[in-house]
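Right, one structure below, let's go through it.
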Protein chains: 2
Amino acid sequence: MKLKTIEWIADTNNRLAPGRVRSIDQTALPVKLTYIDTRSVDDIWNAIKELKVRGAPAIGVAAAMGVVLAAQERSTDDVDRVCRRVHKACEYLASSRPTAVNLFRALDRMKTVAELFEGSAPDLVERLACEAVAICEEDAAQCEAIGEHGLMLLKDSDTVLTHCNAGSLATARYGTALAPVYKAREKGMKISVYADETRPLLQGSRLTAWELMQEGIEVTLICDSVAAEVMKEGKIDLVMVGADRIAANGDAANKIGTYGLAVLAKHHGIPFYILAPTTSFDLSISSGDEIPIEERAAEEVVHGFGKQTAPDGVAVYTPAFDVTPAELITAIVCEKGVFRPPFALGDG
Amino acid sequence: MKLKTIEWIADTNNRLAPGRVRSIDQTALPVKLTYIDTRSVDDIWNAIKELKVRGAPAIGVAAAMGVVLAAQERSTDDVDRVCRRVHKACEYLASSRPTAVNLFRALDRMKTVAELFEGSAPDLVERLACEAVAICEEDAAQCEAIGEHGLMLLKDSDTVLTHCNAGSLATARYGTALAPVYKAREKGMKISVYADETRPLLQGSRLTAWELMQEGIEVTLICDSVAAEVMKEGKIDLVMVGADRIAANGDAANKIGTYGLAVLAKHHGIPFYILAPTTSFDLSISSGDEIPIEERAAEEVVHGFGKQTAPDGVAVYTPAFDVTPAELITAIVCEKGVFRPPFALGDG
């Protein structure tokens, strides 16, 4: 795994010193690999909103680092002022996207650091940088553990169907749904992948196909509507997808289209796995009915990629996510292991 | 129904005189409504291949008219020469697209006219024009009958989910899947439609949404991956789609994605209807396994909207159609009535 999706670049040799956030501009892929360096919390908010940074775990990391950017803005000796900046930044960043729970969890951690802190303003900034970097490193470690656990679900020569991008670009490293595929390759197994292109924003074709090809993994791109056909043709051994939020009963919100895939997998007798770190678990809600679902702009469907593809003024319904009920999920894989139904995720 | 998808425009007041084919350029929709006038069989072949004319019934009409264009080219008194032109044109046009059986059926009719004809060369050309216009008019009449029969499956205020375009643009008039919707509106019923955008070529957003809006029918556009979600939300009362070829046992080939919709409809307890004229029935094949499925170019997926949306050199699997097995079909509606399983379409 060569790519770093997001990282903190300190201005001095102290890696927790004030600095900037470096992230891959995912809207420029697959045509070119470019990095964005930013020192502004506004730019982080926009990067999340415009999906330059996306994927529930990566959004959490970006938001935490955004809080550090806010805290370090114009150096001050007034620790209360830094605390106020942290709170304001947390409130602001929480408004960027509603569904991924990792965002709120990361912001809560940053707020708690500020609330409990005793010491000088510069030390608080460093302590915040430490927390943000920890969130990033913990995510990478969790993804690697997901890869190890998920590996047990794969046989050599298996073909995985995935949806959207729950690969390394969605996390600090390794990804969630794709982590077992990368781990399998490290162990010399040959796993191939079918990637749904994932309308409207085509994370599957732009990002998943791209990152798998970067790593030399065999990938075949399909339109979302081809998934049922490749299952029927016997080409798919298992489905592996990520999640943006998982309720205590195992209901999982993920990119729109995931629920349909789960129904299709059941019809074809194909195992359907959700892979996500526990940071995507929201045990405060008992079922998926309580997960807020973001609706995206009609423009993304109508003028998706430069050309007008629908009549002016057409009504469009474009939820960004759907909720797959627990009964359609064969297992949920997190860094702690492989959980099978009935799910009671709060008891772990 | 104001629009004429395809028609024969004679050069004189005799409507069966030599002339030209006028058709809507469906690749220019939804941005502008333009008509193509052509006198060349090559242009007809290209219009079918490039989907300027598409939809199984409309392809049949276009091919028949293409044969007339070939027959009338350079006027001659040699009736055998006209016959040879007809045979050559039929062979050529049969190579344009493989799945829609209407194409082959229309060409067979044109060949039979030439084979059985006795008389002068100009009379043969007129007889061929008569046959092509008859194919067009019969299609319009069949679609209207499909609309009348399909109407019995609709209640006032129902919401129909449809896929691809099986509307008036796919036929001479009225369409197949949309014919009951238009008929319902004529009778003062209020039917609304959810239209799948239908990747890769977006016939749903470009054509179905457009033609329904032209007729003042309420339509909501969704990405293909949203179909499962709108079913789950209880927004869909029934699914109505067309077919490109139906085997004797009721298995139906239609636009890729149709099979997945049928599985989803079954899961949600929603009726799933195929609407097609008997010209789309192929009783020479016992099941859908024998239907040849066209594979389209990767380019349509990778550079679909003017921008590159997938990495250079990515493998793509892009079948144009899939086959829905008869057991997932609630009923097949044709001009003769509503057929329910077990289907034995050859016995009618």
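In what follows, chains are A, B, ... by sequence order, proteins preceding strands, each numbered from 1. Heavy-atom basis, side chains included; hydrogens, waters and symmetry copies ignored.
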Next item on the list: Please check if the side chain of B:S205 supplies one atom and the backbone of A:T309 the other of a donor-acceptor pair under 3.5 Å.
Entry: yes
Next item on the list: Report yes if some heavy atom in the side chain of A:V226 is under 4.5 Å from a heavy atom in the side chain of B:P319; otherwise report no.
Entry: yes
Notebook entry, point to check: Are any of the side-chain heavy atoms of B:L328 and A:H267 separated by less than 4.5 Å?
Noted result: yes
Note to self: Counting heavy-atom pairs under 4.5 Å with chain A, which one of B:I256, B:V314, B:T318 comes out on top?
What the structure shows: B:I256
Checklist line | Pairwise side-chain contact, A:V323 with B:K232, heavy-atom cut-off 4.5 Å (strictly under) | finding: yes
Check: What residue in B:M213, B:R206, B:K255 has the most heavy-atom pairs under 4.5 Å with chain A?
Finding: B:M213
Item checked: Contact class of A:K32 relative to chain B, heavy atoms under 4.5 angstrom -> neither
Notebook entry, point to check: Between CZ of B:R199 and CZ of A:R199, what distance do you get to the nearest 0.5 Å?
Noted result: 6.5 Å
Next item on the list: Counting only heavy atoms closer than 4.5 Å, note whether A:H268 contacts chain B via side chain, backbone, both or neither.
Entry: side chain
Next item on the list: I would like to know whether B:C223 and A:V301 meet side chain to side chain contact (heavy atoms under 4.5 Å, CB included); could you show each step before the answer?
Entry: CA-CA 7 Å; B:C223 290; A:V301 177; 3.8 Å; yes
Margin query: If we define contacts as heavy-atom pairs under 4.5 Å, which of B:Q308, B:E218, B:H163 has the most with chain A?
Written below: B:Q308
Item checked: Separation of A:I293 CD1 from B:E233 CD (nearest 0.5 Å) -> 9.5 Å
